[in-house]
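Got a structure for you, written out below as structure tokens; questions coming shortly.
The structure displayed is predicted, hence computed values, not measured ones. Below, read A as the first sequence line, B as the second, and so on, with proteins coming before strands; counting in each chain starts at 1.
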Amino acid sequence: MISDALKVQLTGHCGHYPSRRVGLIFVMQKLQEHYGGWLPEEAIREAAEISGVPETEVEGVATFYNWFFREPAGRHIIVVCDSISCYLCGCDRIAANLERKLGIKLGETTPDGMFTLLPVVCLGNCDKAPSIMVDDELYGPVTADMIDEIIEKTASETHGTRRAHDERNRPV
Amino acid sequence: MAQGVRTMSEIVLFKNIQKNGPELFPAGAAAIPACGYDDYVKNGGYQGARKALKMAPLEVQQVVKDSGLRGRGGAGFPTGMKWSFVPMDFKGQKYLICNCDEMEPGTFKDRALVYGDPHQLIESMIIAAYAMQMTQGFIFIRCEYRKGARILEQAAAEALNHGWLGKNIQSSGFDFHLDVHLSAGRYICGEETALLNSLEGKRANPRSKPPFPQVYGFLGSPTIVNNVETLCNLPHILARGAQWHKSLGLNGNAGTKIMGASGRVKNPGLWELPLGTPMREVLNEHAGGPSRGKSFKTVIPGGLSTPMMTPDQFDTPLDFDSVAKAGSRLGTACLIAFDEDDCMVAATANIMKFYMRESCGFCTPCREGIPWIYETVKAIAEGKGEEGDLAVLDDMARHIFHTFCAFAPGAQGPLLSAITTFRHEFEFLIQKSQCHTAGGAS
Amino acid sequence: MSAKIKITVNGVMHEAEAGRNILQILLDLGIMLPHFCYHEALGAAGACRLCAAMISPGAGKPARLEMACMTRAEDGMIVDITNPQAVDFREKLIEELMLNHPHDCPVCDEGGECMLQDMTVLCRHQHRRNRFPKRTWRNQDLGPHIHHEMNRCITCYRCVRFYRDYALGDDLGVFGSRGRVYFGRMRDGALVSEFSGNLVDVCPTGVFTDKHFRAVYCRPWDLQTAPSICPHCSVGCNVLPGSRHKTLRRIKPRRNHTVNRFFMCDHGRFGGGFVNADNRLTSARFDGAGMSLDDAITQTAERLKEIVQTHGRGAVAAIGSPGASLEANAALILLMKTLEGRFAFFSTGAERAAHKRAAALIANGQVDTPSLPEVEQADFTLIVGGDITREAPMMDLAVRQTIRAGAPLFIISPQAGKLDAFAKAARHAALPEQAAIVSNIAQALDHALMTGQPDPFAGAAASALATAKRPQILCGATGAGGIALVDAAHSLVAKAVRPERPCRLVYWFPAMNSFGISLARNDESPDTIKQDVENGRIKALTILEHGASLDSEWPDDSKPMKSCFTIAVDAIAGKAATDADAVLPCASHYETFGTVMNYEGRAQRFEGLPLPRPVTWSSAEVLLKLIEALGAGEAINRTEYHDLFEIPATMSSLIGTLAPDSEGLLIRSTAAVREVVG
Ligand SMILES: Cc1cc2nc3c(=O)[nH]c(=O)nc-3n(C[C@H](O)[C@H](O)[C@H](O)COP(=O)(O)O)c2cc1C
Ligand code: SF4
Ligand code: FES
């Protein structure tokens with residue numbers, strides 16, 4: 001459940017467009033933040049209510065875009081560019097290294113809920129290929145040695161862009 | 001035929017970014033600092049907008065028309081002409097949208113403009129908005145550029161404080177409100193009609209044209225969608241005149257273009273160069289030649305949607321018409337270079353994977369055809385190719401041209417050129433089950 | 001209407017309407033250009049890319065491969081669908097669509113009427129080259145009516161374009177993207193739209209199929225069909241029931257362009273169960289003894305004669321049915337004429353008054369009543385007098401088209417309804433109070449001073465009505481609102497009509513043939529008949545088709561029925577038949593032929609399925625046999641419809657010649673006969 005304050009804020013956001021629907025993506029992004037990095041069904045319902053868009057269509061939007069998650073995601077999201085320039089510069093090696101380091105495959109979340117590892121299309125950092133992005137931070141060119149350092153630095157961050165995994169189902 | 005590196009005097013779009021540091025994107029987390037309001041103004045910022053606000057809107061449009069500016073989003077459509085389709089007598093709200101989706105692999109030019117010089121973009125939007133009397137603007141920025149979105153929001157707040165946004169800009173009587181919209185991510189959002197749907201809170205399927213957005217766009221109102229780089233030219237054109245802009249290019253081309261190189265080049269990066277600069281110059285002088293000491297095999301000239309070009313075409317001037325004449329497209333002019341050791345079958349599989357993943361799924365050839373192409377190319381690359389595979393690729397490559405939007409034709413470009421130019425690599429792999437290059441892709 | 005242009009198709013010059021899409025022009029010409037996502041009602045989407053043809057803007061201009069559905073016809077265009085490039089493109093397109101298709105045609109319910117099958121054959125795709133795994137989906141439980149089989153999906157978007165965009169339902173959607181687009185509900189559960197059954201028809205393949213039809217499966221080509229009319233409400237949708245062996249298997253909408261066109265509601269589609277029901281009357285009965293129908297008719301005739309001889313004129317009476325055909329009700333009236341008896345329709349005198357007033361206004365041409373396609377064109381709608389979603393669902397669907405076009409909707413209804421969500425304003429009030437609200441709108445239209453409190457609802461409705469170009473008022477003539485509501489709606493329309501701007505008026509009725517019986521001459525109020533049954537003045541009562549699935553509260557449970565000899569002519573063992581002294585069974589609606597009049601007064605002919613039953617006579621035939629048994633057979637040939645109903649003599653003879661696939665005949669007592677198609 002979201003707080004009244006957040007609800008008022010998001011409702012207000014939708015209200016300042018000629019059509020409330022224009023605010024939907026923003027509302028969903030905020031709800032995703034609120035729910036610790038993913039959109040549970042409750043969030044879909046709330047987004048529908050706030051934006052006036054039927055729940056079914058909100059779900060249609062949620063499942064269309066790359067950056068909406070309908071399953072729990074980790075506290076930190078690591079995306080590995082696998083588009084052409086990074087591919088040429090060895091992104092497969094980087095991805096394999098990350099998989100080994102985290103003990104998960106691309107598309108998975110570590111059991112402690114700390115990291116989700118995903119492939120991503122070109123990060124617009126092709127001159128620094130291979131590139132990865134961890135939460136909001138861009139890295140490149142990434143070498144195998146850098147990976148440990150990046151992971152450790154990220155794991156030690158107390159405040160990520162996402163809320164802690166275990167807060168997700170906390171009763172309100 | 002190399003002409004040497006251009007002099008700094010021609011650099012306008014990058015002026016403030018260069019000032020802030022020699023490197024556009026230092027490795028690691030520490031990004032280049034964005035040029036703030038004061039620095040921007042000190043460097044002549046907002047002069048173009050100031051000038052525009054004193055002119056009649058149609059005069060501004062005329063200057064842009066005269067400047068010969070063509071869209072930098074990929075298609076190269078003359079900007080002034082695009083603007084002229086906006087019905088100026090329309091009674092309701094009209095919208096200006098800046099397309100900063102930049103998700104086409106190999107393209108990274110708009111990032112530099114947004115992260116390095118946000119006020120330049122804001123000033124540009126003021127000018128465009130004023131020229132078409134659009135009082136609401138959006139910057140549609142891809143999800144992975146969320147830092148950029150924050151930079152833009154900060155800059156917009158500064159601009160608002162200094163009376164460059166909001167009501168009655170600089171006491172001109174003109175209002176302009178600017179929102180930064182962070183996308184939820186998908187390459188198809190960059191297609192302008194899909195972008196409109198996305199901005200309206202819908203699934204980003206493209207819309208059919210006509211009606212064109214200039215007449216029936218965002219929420220059914222006249223809307224202009226322009227690329228970041230296209231827009232960023234405006235302050236300079238306004239400040240220094242249409243003729244000046246025209247004179248910047250080579251062989252009758254107007255303006256500069258941000259060109260880039262990535263892949264197998266020694267010195268990947270971005271450079272602002274005259275439109276019409278030969279490809280060879282970019283590859284060899286600016287990008288420092290091949291990175292592994294092997295010679296170049298092919299170059300994709302403008303983002304992943306353009307057909308491959310071979311070394312015999314490297315003298316082609318990088319401008320819209322010359323590259324088209326050479327059988328490819330200038331696109332975003334961000335070159336992707338491959339060398340002799342790269343397996344073009346595996347590379348094609350990588351390219352097709354991108355298109356398969358990012359298709360919106362609306363129309364058949366793209367939704368069904370591209371995954372089949374991908375599976376087939378991947379199988380060939382893995383040495384599991386079969387007799388009829390090339391026939392399938394031939395059929396499908398022709399087929400994915402007739403789709404609802406320009407996405408799948410974008411996939412067709414590199415695919416068709418790969419299976420034509422590098423057919424022997426495909427055949428070799430199908431017959432011998434191994435790549436003809438020694439190492440394959442690294 | 002729009003200008004005519006010339007286009008060349010496959011080398012032959014044709015005339016066409018400017019601006020229409022090329023695909024529709026071709027289809028109208030009878031040229032089958034393969035397509036999937038295009039649907040005449042849903043329009044072009046450009047998603048499937050199958051309708052590719054070589055199109056050139058004119059002679060000497062280069063032709064390009066274009067999607068015909070997305071191309072507007074212009075004068076001089078040259079279309080070639082036989083061009084090898086186009087033919088090849090279409091073949092490859094089918095190949096793509098079949099990549100992930102399960103190839104389960106032998107066990108697919110769509111088999112035989114599968115558009116994907118047809119198009120595959122038409123495009124000559126035969127050989128599968130794909131060797132990679134197919135994508136598979138999990139199906140959903142979509143409730144009692146619709147079966148879901150996503151693996152067959154070809155992503156033409158027709159389902160959501162119908163369900164969401166056309167019918168404004170919000171519980172079916174499209175999810176995912178790229179090669180993983182899913183059509184379904186957010187979670188398992190019954191589809192809530194009144195129009196969900198149309199998914200079965202709009203889906204070109206077997207994703208959405210009819211669960212009831214599946215339950216006892218047969219191939220569609222083994223069905224016997226008959227053009228019929230839906231018996232469930234006064235809209236009179238054209239339908240095509242299909243039967244196999246001894247049962248009705250399914251009901252589909254029958255294409256036409258003046259009534260329901262492509263679609264029908266779920267109530268009609270899935271409401272044919274009464275035909276197969278266990279409570280069908282199969283044998284005749286007289287005074288408690290079973291016997292043949294012939295014998296029962298003979299004995300009934302004898303008894304009726306005795307009663308008339310003993311008690312004189314007025315001793316026998318009959319109650320007709322809005323759920324029975326014009327022919328059946330006519331035969332009932334004729335029977336009463338023969339016996340010098342009395343007859344009534346409806347449940348109450350008030351209902352009778354309201355119905356007769358509404359029907360007369362339409363028949364006399366005093367109001368302009370739109371057809372469903374015309375309802376869709378309105379730019380202002382006021383609904384008053386009932387829940388249109390339940391009482392005339394397809395009219396609700398027509399109103400939804402006005403909503404899509406942005407037209408304002410105002411609703412006055414007894415309680416909240418589904419259309420309220422789309423209304424500019426909805427007002428809930430008991431039926432008797434609604435006339436006053438309608439009058440308020442009329443007053444507000446006049447800018448006259450309203451009595452009492454100013455009514456903001458009326459004000460808003462009036463100002464929207466005042467500025468509309470094609471306004472309409474839809475009024476339920478169900479009776480509970482009384483004649484006052486019928487008149488109030490008429491007065492409002494009279495006030496709103498201006499020479500340059502018509503204001504249309506619909507009265508919708510509770511039953512299939514309410515309009516027909518409302519035109520009956522010399523019928524009495526049911527109140528007096530009921531009274532005379534109760535006080536013993538009436539000695540024999542014939543009740544026509546009251547046990548049918550159609551709602552009827554009459555006759556009620558009062559005891560005096562016992563002292564009166566009752567005859568039930570019915571297909572179903574409802575209450576009337578259970579209590580009756582003589583039971584004369586007849587065929588049910590879908591097994592017989594006849595004529596009914598819908599809310600517009602459109603007479604439509606329907607035919608029956610030849611189901612092998614113990615009883616195959618329609619109720620009309622049973623009654624005519626009874627008249628013959630009374631020795632009055634010659635009266636049958638002497639009687640015309642206009643002797644019994646308020647119908648012009650000229651139309652009377654036309655009714656007999658109506659064809660089921662015609663547009664029907666609009667019954668108007670004035671010379672304003674709008675359309676007659678034999
Ligand atoms: C699949 C696809 C993706 C596109 N992505 C972008 C993009 O990321 N940025 C962009 O500016 N234009 C993109 N475009 C081009 C836009 O549709 C549009 O032409 C452009 O924004 C117009 O701007 P311009 O006239 O300034 O070039 C894309 C087009 C297609 C078909
Ligand atoms: S070509 Fe078709 S499926 Fe592909 S992105 Fe465009 S509309 Fe979507
Ligand atoms: S290809 Fe990886 S950042 Fe561009």
| query | Quick one: does B:Asn350's side chain have a donor or acceptor within less than 3.5 Å of a partner on A:Tyr87's backbone? | reply |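 Looks like no, no N/O pair under 3.5 Å.
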
| query | Given a strict heavy-atom distance threshold of 4.5 Å, which part of B:Ala287 is in contact with chain A: side chain, backbone, both, or neither? | reply |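 No part of it gets close to chain A.
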
| message | Less than 4.5 Å apart, side chain to side chain, heavy atoms only: is that true for B:Lys202 and A:Glu57? | response |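 B:Lys202 does not reach A:Glu57 side chain to side chain.
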
| query | Non-hydrogen atoms of chain B under 4.5 Å away: do they reach the side chain of A:Val120, the backbone, both or neither? | reply |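 For A:Val120, backbone and side chain are both near chain B.
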
| request: Name the region of B:Leu304, side chain, backbone, both or neither, that has any atom closer than 4.5 Å to a heavy atom of chain A. | output: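 Just its side chain gets close to chain A.
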
| said: With a 4.5 angstrom heavy-atom cut-off, is it the side chain or the backbone of B:Asp339 that approaches chain A, or both, or neither? | reply: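 For B:Asp339, neither part sits under 4.5 Å from chain A.
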
| query | Is A:Glu149 atom CD crowded by more than 12 heavy atoms from other residues, nucleotides or ligands, each under 6.0 Å away? | reply |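 12 or below, so no.
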
| task | Would you mind checking which part of B:Ile188 comes under 4.5 Å of any heavy atom in chain A, side chain (CB onward), backbone (N, CA, C, O), both or neither? | result |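 B:Ile188 touches chain A through side-chain heavy atoms alone.
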
| message | With a 3.5 Å distance limit and no angle check, can you tell me whether B:Arg111 reaches the backbone of A:Asn125 through a side-chain donor-acceptor pair? | response |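 Checking the backbone N and O of A:Asn125 against the side chain of B:Arg111, no donor-acceptor pair under 3.5 Å is found.
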
| Contacting moiety of B:Cys189, where chain A heavy atoms sit under 4.5 Å |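 B:Cys189 touches chain A through side-chain heavy atoms alone.
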
| Contact part of B:Lys109 toward chain A, heavy-atom cut-off under 4.5 Å: side chain, backbone, both or neither? |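 No part of B:Lys109 comes within 4.5 Å of chain A.
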
| field | Under 4.5 Å from any heavy atom of chain A - which part of B:Phe138 | value |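 Answer is side chain: those atoms of B:Phe138 sit under 4.5 Å from chain A.
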
| field | Lys/Arg-Asp/Glu bridge criterion (N-O < 4.0 Å) met for B:Lys147, A:Asp136 | value |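 No.
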
| Part of B:Glu358 within contact of chain A (heavy atom distance under 4.5 Å) |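 Side chain only.
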
| query | Does B:Glu144 have any salt bridge (Lys or Arg N to Asp or Glu O under 4.0 Å) partners at least two apart in sequence or in another chain, and if so, which? | reply |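 Counting only residues at least two positions away or on another chain, B:Glu144 forms a salt bridge (Lys or Arg N to Asp or Glu O under 4.0 Å) with B:Arg142.
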
| query | Do A:Tyr65 and B:Ser198 have side-chain atoms, one donor and one acceptor, less than 3.5 Å apart? | reply |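 Distance-only check passes for A:Tyr65 and B:Ser198.
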
| task | With chain B as the partner chain, list the residues of residues 21-29 of chain A whose heavy atoms fall under 4.5 Å from it, by residue number, and write 'none' if nothing qualifies. | result |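 Counting heavy atoms that sit under 4.5 Å from chain B, the residues of residues 21-29 of chain A involved are A:Arg21, A:Val22, A:Leu24, A:Ile25, A:Gln29.
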
